[in-house]
Structures are given as structure tokens and as C-alpha cells.
> 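Quick one: the structure is below, and I'll ask about it shortly.
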There are 2 protein chains.
Amino acid sequence: MLLTDRQLLILQVIVDDFIRSAQPVGSRSLSKKEGITFSSATIRNEMADLEEMGFIEKTHTSSGRVPSEKGYRYYVDHLLSPQVLTQHDITIVHSIFAEKIFEFEKIIQRSASILSDLTNYTSIVLGPAVSVNKLKKIQIIPLNKETAVAIFVTDTGHVENRLFSLPSSVHASDIEKTVNILNERLNGVPLEDLNDKIYKEVAILLRQHIHNYDLMLNTLAQLLKMPVTEKLFFGGKTNMLSQPEFHDISKIRDLMTMIDQEEWISNIIRNNSKGINVKIGSENKNKIMDDCSLITATYSVGEEKLGSIAILGPTRMEYSRVISLLGILSKDLTNVLTKLYQNN
Amino acid sequence: MLLTDRQLLILQVIVDDFIRSAQPVGSRSLSKKEGITFSSATIRNEMADLEEMGFIEKTHTSSGRVPSEKGYRYYVDHLLSPQVLTQHDITIVHSIFAEKIFEFEKIIQRSASILSDLTNYTSIVLGPAVSVNKLKKIQIIPLNKETAVAIFVTDTGHVENRLFSLPSSVHASDIEKTVNILNERLNGVPLEDLNDKIYKEVAILLRQHIHNYDLMLNTLAQLLKMPVTEKLFFGGKTNMLSQPEFHDISKIRDLMTMIDQEEWISNIIRNNSKGINVKIGSENKNKIMDDCSLITATYSVGEEKLGSIAILGPTRMEYSRVISLLGILSKDLTNVLTKLYQNN
DNA sequence: AATTAGCACTCAGGAACAATGAGTGCTAAC
DNA sequence: GTTAGCACTCATTGTTCCTGAGTGCTAATT
């Protein structure tokens with residue numbers, strides 16, 4: 001099943017052309033393409049072979065050819081030359097990181113927006129895993145007699161906060177003591193282990209030093225029972241609406257509803273290995289995504305994968321452009337984060 | 001232009017029926033409705049009158065009638081009996097506020113989700129105005145030699161945070177002093193006035209006590225130049241896709257793109273007076289929303305309006321249900337916030 | 001005077017049909 | 001091995017016709 005050079009050429013042109021036009025490619029129009037020196041009849045013969053091998057398909061008996069999933073797969077694996085991005089593209093991507101003072105969330109959100117703007121597909125960015133971040137500081141700031149806000153800062157500068165109420169019977173000094181104990185004992189503990197640690201180590205100390213021991217421990221446990229899942233950020237959710245393959249409204253609805261299913265998407269994207277990953281059509285193992293491709297990339301610090309960025313588009317997607325863009329963005333994100341982490 | 005009782009009845013039935021079925025209502029089917037004792041011919045006559053007065057329309061010469069904007073307006077103003085919500089509905093709305101420990105944002109987000117689930121329309125919730133909140137506490141927490149995170153807590157428990165870098169030449173003691181000065185001087189100042197205040201009052205003090213005066217003031221100014229716009233939360237963005245009037249994909253796309261235009265939506269919703277507000281079709285002064293109605297409600301503390309909740313649906317919207325739901329939710333939000341503020 | 005039955009008329013939407021044209025596969029000639 | 005030629009296929013478009021739900025108007029009825 002080795003393809004001749006001519007077959008490769010034809011396959012490539014078919015995929016390229018279809019990606020551009022979304023129209024089945026016929027032998028005649030193909031024969032007029034630049035770089036094609038042979039006649040439409042020859043092309044028809046080659047096409048018949050390519051079809052037999054499963055790389056291309058017809059939409060009906062007398063239609064032009066369209067790449068099959070196998071065709072896209074081959075194209076991505078063997079025929080793809082990474083698109084050289086324009087200076088303009090690169091400038092825009094870098095602009096994400098221009099500000100000196102920032103909320104990390106904003107950076108992530110901006111990444112998503114810009115990625116979707118540059119590609120016209122839907123972008124999905126999975127924020128960095130906070131649950132492995134280590135606690136740097138806890139603070140409790142009373143707002144009034146009954147309410148206070150607890151603030152958790154991690155070594156990466158991530159800030160979580162919770163509002164809670166305490167009966168006014170609890171003394172300010174007790175709160176202060178508690179916070180001190182917590183900071184002493186929990187500094188450097190990953191967020192996901194906080195709850196454990198508090199029962200194993202902090203509880204005893206609290207009992208020794210605090211009046212309202214039960215109540216305090218209880219409240220703390222509640223506070224720390226925070227589900228710190230990675231946040232998801234989207235860009236261009238509506239871009240799919242402009243893709244000709246989704247003129248069918250029920251398809252769109254299914255797709256959109258799926259996208260809004262955050263935990264679900266989150267799982268799909270999280271479970272990708274390092275580097276760039278292309279899932280085409282049914283490779284996504286989901287009926288709704290049969291006409292979609294998902295390209296994911298990861299960003300990391302050192303060896304540790306931290307989060308993912310992804311582009312969801314039709315199978316007829318500009319693979320080369322998307323891969324290039326994800327490539328430089330993931331590198332940039334990795335850089336920023338590495339700077340942040342490495343100095344710790 | 002006074003309507004007879006019979007005309008009112010007919011108008012009401014037409015609107016109710018059309019809201020339910022999305023189909024033009026004909027005289028024959030109307031005559032068979034419960035409570036209608038007169039013949040289809042009579043109804044045709046009355047319909048002709050109603051049409052002359054502009055309350056109903058035909059979609060083509062021989063079609064049934066459909067409410068006009070004026071018809072909906074009349075219906076909303078005069079014929080609407082607030083829907084009695086089921087215990088089930090009420091329980092669900094109250095469930096938003098069940099937790100003792102919370103992030104306020106989560107409450108708002110949950111409000112949006114539940115509102116859209118209960119109505120099958122798109123919900124938009126404008127978070128409480130933070131810029132008028134008063135500063136309670138500023139903290140700066142160094143993460144490593146060059147990076148630190150600044151945290152701002154308001155009297156309402158809202159937490160803002162910014163990551164920034166400082167040259168390691170700046171002494172820890174200077175940072176501490178600065179934070180002390182800030183907390184002393186800026187406590188109780190509304191966020192929107194911080195920037196002003198810092199130049200007018202804090203600058204002088206800093207110059208007296210701090211070594212790296214210029215650099216510090218500069219960094220602070222950058223930090224405080226935070227655009228604290230109210231956040232927007234959405235629910236059921238895709239619900240519009242299920243509405244039969246939007247089978248046309250380009251309409252949907254326009255609508256969705258508009259919804260994603262956050263500043264824009266934000267303005268529309270913010271600029272509504274207290275209480276419940278119904279904007280029908282072209283009353284929204286926006287071509288894209290000609291087939292939509294927007295119902296907004298506000299939540300407040302005392303006399304002060306804090307934020308808004310809104311439902312966007314087709315003009316053929318279940319006005320009475322939506323109004324009731326927004327009513328109880330806005331009351332609930334007001335209660336929660338009042339508890340939070342009043343104790344200050 | 002108000003209501004209703006009756007009738008002619010309108011029009012969106014669907015079915016049936018033909019024409020068009022972009023495409024194919026195959027065969028025979030180059 | 002390549003290509004010209006030809007018969008064939010089928011999605012798409014436009015035309016026509018039919019049906020049914022609905023209307024407005026008029027004349028009869030209450």
C-alpha cells in the first residue's frame with residue numbers, strides 16, 4: 001500500500017483544496033491546478049486508486065472527491081509542512097504577554113480569545129492545575145461581626161477566596177491564632193493535601209490553643225474542602241456557526257451543548273500527553289464530534305505538564321496553521337510559567 | 001381605541017396560544033378553545049378590528065394571526081397575571097443560596113445557570129458593582145525574589161488580585177511599610193477612587209518613608225489602575241438554538257456574536273432602572289434583537305441598585321413565568337447582599 | 001344590530017417532473 | 001502509461017400543480 005509520488009501529490013492537492021473551499025474536488029478542476037501536468041482522465045484513474053485505498057471518498061456516485069478520515073490522518077502525518085506564520089500572527093500571539101502586571105486568569109482568557117480570532121475555530125484553554133500548587137499563605141479578613149473572607153495564596157500566585165460566617169462568639173484572637181498555626185503548618189503543602197493535613201496535624205494544635213475548637217475545625221474543614229478544578233476558558237464559541245459543514249442547526253446545537261458541558265470537555269483535553277496531539281473525526285470517540293477535529297497542545301514547567309490549549313474545528317481544518325499557532329503559544333505559556341515557578 | 005371585553009379575551013388567547021405553539025392562530029382553532037362561545041366568523045370580524053388597531057398581524061394574506069409588538073406590549077401591560085410558580089421552581093431557586101461558605105461569583109454564576117434551566121431562554125447576570133465597594137485591606141505577598149501578588153479585599157468580601165514583579169533591589173521592609181501606609185490611608189475608599197487618592201495623599205507619605213519612592217509609586221499606580229468592571233455571567237447561551245423562530249442560522253450567528261460582545265450587553269443591562277423591566281422587540285433599539293425580548297430585574301441593597309439579572313428570549317416569550325422567576329430571584333439576591341452589607 | 005353560515009379567494013408548502021451541469025467510469029486510441 | 005471521448009449518474013434548480021388552512025365579504029338568521 002505504498003503511494004506513488006503522483007498519488008501523494010494528488011492527495012495533498014485534494015486535501016488542501018477541500019480545506020480551502022469545502023467543496024468536493026473534481027478531476028477536471030484538479031487538472032488545472034498549478035503543478036499538475038497530467039490530464040483529468042489520469043487523475044480520475046489515480047483517484048479511483050486512492051479511493052480504493054480509503055484515502056478519499058465521494059459524497060455521491062458522480063461527485064468530486066473529499067478526503068476521508070484516513071486521508072486527513074495521512075495528510076497530517078506525512079504531507080504536512082508546518083505553516084510559516086506571518087510576523088503579524090506572531091506579534092499578536094506575543095501581545096498576550098505584554099503586560100507587566102497581570103492576573104494569570106486574564107492571560108489564559110486572552111490566549112483563548114486570540115487563538116480563536118486567529119483561526120476562526122473554537123479554542124479551549126485549560127487553566128494550570130492549581131491543586132498541585134503549594135500553599136504560600138492563608139489569611140482571614142473579618143468583614144463584619146459574623147462574616148469573614150478567607151484567602152489562600154499559592155506559590156504560583158494563584159489566589160482562592162471564600163466567604164464564610166462565624167458566630168460572633170468566636171474571638172478575634174482565636175482567629176488570629178488559628179491563622180498563625182495554619183500558616184506555620186501548611187506552608188508548602190499542595191492544595192489537594194490540605195484537608196488531610198489539617199486533620200492529621202493541625203487539629204491537635206488547635207485543640208491546645210483555641211477555645212472554640214470544634215467549631216473552628218469544622219469551619220476550616222469546610223473551607224478547605226474546596227474543589228479546585230482547573231478552570232476552562234473558551235474563545236470563539238460561535239465560530240463553528242460560520243463553518244459551512246454545520247449549516248444543520250441540530251448538529252450545531254448538539255455540538256454547542258457538548259461544549260457547554262465543562263467537566264466533559266475538561267476530561268477530554270486533560271487526558272492528552274505532552275506535545276501536540278491531533279484527533280480527527282471519529283478518533284475523538286464521540287458521535288457528536290465525528291465531523292470535528294481537536295488539536296491539543298500542552299504547556300508545562302520543566303517536565304511537569306500543567307495545562308492544555310486546544311482548538312476545535314471541522315475535520316476540514318487548517319491543520320498546519322493551527323498546529324503552528326498552538327506550537328508557539330504553548331511555548332510562550334511555558335516560558336511565562338517557568339519564569340514564575342523556577343525562582344521559587 | 002378602547003377594546004371590548006371580547007376583543008381583550010381574543011387578544012389574550014391569541015398571545016397565549018402563540019407563545020405556546022409558535023404557530024399563527026386561526027379563527028377556527030380559536031373558536032374551539034375553552035371559554036370561547038362565539039363562532040369563527042365572529043372571531044374573524046374581531047380579529048380584523050384588532051388588526052386594524054395594530055395588535056395582531058398576519059404573516060401572509062391568508063394566514064392566521066400573530067401578535068404584533070404592540071400586541072405583546074398590551075398583553076404585558078394589561079393582560080398578564082403573574083404566573084404562580086410551583087413549589088418545585090421555588091425550591092430550585094432557593095437552592096442557589098444553600099451553602100454556608102461560598103464565593104460570591106459562584107452564587108451569581110449559579111443564578112444564571114438555574115435561571116436559564118428553568119426558562120429555556122438565555123440568562124444574563126451582571127455581577128454587583130465592585131467599583132463602588134470600599135477597600136477593606138490590601139496585602140502584598142512576595143512569591144519569590146522578583147514576583148509578588150497584590151490582594152485587594154473590599155468591605156463586601158470581593159477579592160481582586162494582581163501579579164507583578166519588583167526588582168530585587170526593593171527591600172522587604174519597604175514593601176511592608178508601603179502596605180502599612182496604604183492600609184492606613186486607603187481603608188474605606190471606594191475602589192474607583194483609589195488611583196486619585198494615591199497621588200493626592202499617599203505619594204507624599206511614601207516619599208518620606210520609602211527608599212525607592214519613584215519605582216514604588218509607579219508600580220502602585222499600575223496596580224491600582226485596575227479596570228474593575230462588573231463581570232457578566234451567562235446561562236443557557238445555546239437555548240436560543242432550540243427556539244423555532246431561530247431556525248435561520250445567520251440570525252442565530254448574529255445574535256450569538258452580539259451576546260459575546262460583553263461590553264455591549266453589559267451596557268444594555270446596566271442602564272435599566274430599578275424593578276422589573278420588559279423590552280419587546282424593536283424597543284431594544286437593535287436590529288439584531290428585533291425578534292427578541294429582554295426582561296431585566298435589579299438587585300439592590302437598601303435604595304442602592306447593585307446589579308441586574310436578565311432573560312433574553314424570543315418576543316414569543318413566556319412573559320408571566322419569566323417575570324415571576326426574575327422577581328423572586330432578585331428578591332433573594334437582594335436579601336443575601338443586604339445581610340452582607342448591612343452589618344458593616 | 002349582532003351573529004353566523006356560506007362561499008370565493010389567497011397563499012405557503014409539498015410533490016412531481018424536467019433541465020442543467022459537474023462529475024464519474026470505462027474503452028479505445030495515441 | 002496516458003489521454004480523448006462518451007455514456008451515465010445525481011444534486012440542484014426551476015416549474016407546475018395540488019392541497020389545506022386560513023381569510024374577507026355577503027346574505028341569512030337570531
Side-chain angles (χ1 to χ4, degrees), chain A residues 2-11 13-18 20-33 35-68 71 244-245 247-249 316, chain B residues 2-11 13-15 17-18 20-33 35-68 71 244-245 247-249:
Chain A
L2 259 180
L3 297 178
T4 66
D5 281 356
R6 193 166 66 189
Q7 287 172 331
L8 287 182
L9 177 59
I10 291 179
L11 178 56
V13 175
I14 291 177
V15 178
D16 281 337
D17 200 62
F18 185 70
R20 205 181 34 73
S21 70
Q23 296 299 325
V25 186
S27 56
R28 198 179 125 82
S29 72
L30 214 166
S31 73
K32 288 186 181 153
K33 277 263 144 58
I36 304 289
T37 56
F38 26 92
S39 78
S40 67
T42 311
I43 293 174
R44 278 202 289 283
N45 288 327
E46 296 286 30
M47 278 175 154
D49 289 347
L50 283 170
E51 182 167 14
E52 217 162 84
M53 292 185 275
F55 291 109
I56 53 180
E57 300 169 340
K58 289 185 278 195
T59 60
H60 63 269
T61 15
S62 69
S63 79
R65 300 309 208 293
V66 156
S68 68
E245 33 267 276
H247 48 61
D248 174 8
I249 215 155
R316 185 189 64 76
Chain B
L2 259 180
L3 297 177
T4 66
D5 281 357
R6 194 165 66 188
Q7 287 171 330
L8 287 181
L9 177 60
I10 291 178
L11 178 56
V13 175
I14 290 177
V15 178
D17 200 61
F18 185 69
R20 206 180 34 73
S21 69
Q23 296 299 325
V25 186
S27 57
R28 198 179 124 81
S29 73
L30 214 166
S31 73
K32 287 185 182 157
K33 278 262 143 60
I36 304 290
T37 55
F38 27 90
S39 78
S40 67
T42 310
I43 294 175
R44 277 202 289 286
N45 287 327
E46 297 286 29
M47 278 174 153
D49 289 348
L50 283 170
E51 183 168 11
E52 218 162 84
M53 291 184 276
F55 291 109
I56 55 180
E57 300 168 341
K58 289 186 277 195
T59 60
H60 62 269
T61 15
S62 70
S63 78
R65 299 311 208 291
V66 156
S68 68
E245 32 269 276
H247 47 63
D248 174 10
I249 216 153

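Chain letters run A, B, ... following the sequence lines, proteins first, then strands; residues in each count from 1. Only a predicted model underlies this, so the values are computations on that prediction, with no experimental measurement involved.
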> Are there any protein N/O atoms within less than 3.5 Å of an N/O atom in nucleotides 12-14 of chain D, and if so, which ones and at what distance?
none

> Expressed in angstrom and rounded to an integer, what is the separation of B:H60 atom NE2 from D:dG24 atom C1'?
14 Å
> Please write out each protein N/O paired with an N/O of nucleotides 28-30 of chain D under 3.5 Å, distance rounded to 0.1 Å.
none

> Mind calculating the distance between CD1 (B:I10) and P (D:dT23) to the nearest angstrom?
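Going from B:I10 (CD1) to D:dT23 (P), I get 11 Å.
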> Reckon A:T61 has a side-chain N or O less than 4.0 Å from the OP1 or OP2 of D:dC10?
yes
> Could you list the donor-acceptor pairs under 3.5 angstrom formed by side chains in residues 49-61 of chain A, with sequence neighbours left out?
from: A:E51; atom 1: OE1; to: A:R65; atom 2: NE; distance (Å): 3.0
from: A:E51; atom 1: OE1; to: A:R65; atom 2: NH2; distance (Å): 2.8
from: A:T59; atom 1: OG1; to: A:S63; atom 2: OG; distance (Å): 3.0

> By nearest nucleotide on DNA chain C, pick out whichever of B:T42 and A:N45 is the more 5' one.
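Looking at the nearest nucleotide for each, B:T42 comes out on the 5' side.
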> Does the side chain of B:K58 get closer than 4.0 angstrom to OP1 or OP2 of D:dG24 through an N or O atom?
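It does, given that an N or O in the side chain of B:K58 lies less than 4.0 Å from OP1 or OP2 of D:dG24.
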> Of the non-hydrogen atoms in A:R316 and A:P244, which two are nearest, and what is the gap between them?
NH2-CD, 3.7 Å
> Of all the choices, C:dA12, C:dG25, C:dT4, which nucleotide is nearest to the side chain of A:E51 once you look at every atom?
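Nearest nucleotide to the side chain: C:dG25.
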> Can you tell if the side chain of A:L30 reaches within under 4.5 Å of the side chain of A:D17, non-hydrogen atoms only?
no
> Name every residue in residues 20-30 of chain B that has at least one heavy atom under 4.0 Å from any atom of DNA chain C, in order of residue number, or write none if there are no such residues.
none
> Grab the two heavy atoms, one from B:S31 and one from B:S39, that are nearest each other, plus how far apart they are.
CB-C, 4.2 Å
> Run the side chain to side chain contact (heavy atoms under 4.5 Å, CB included) test against B:R6 and tell me which residues pass, sequence neighbours left out.
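Checked B:R6 against side chain to side chain contact (heavy atoms under 4.5 Å, CB included); matches are B:T4, B:I10, B:F38, B:T42, B:E46.
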> Polar atoms only, N or O, under 3.5 Å: list the protein pairs with nucleotides 6-9 of chain C and their distances.
from: C:dG6; atom 1: O6; to: B:R44; atom 2: NH2; distance (Å): 3.3

> In terms of side-chain heavy atoms of A:A48, which of D:dT23, D:dT3, C:dG25 is nearest?
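Among D:dT23, D:dT3, C:dG25, the one nearest the side chain of A:A48 is C:dG25.
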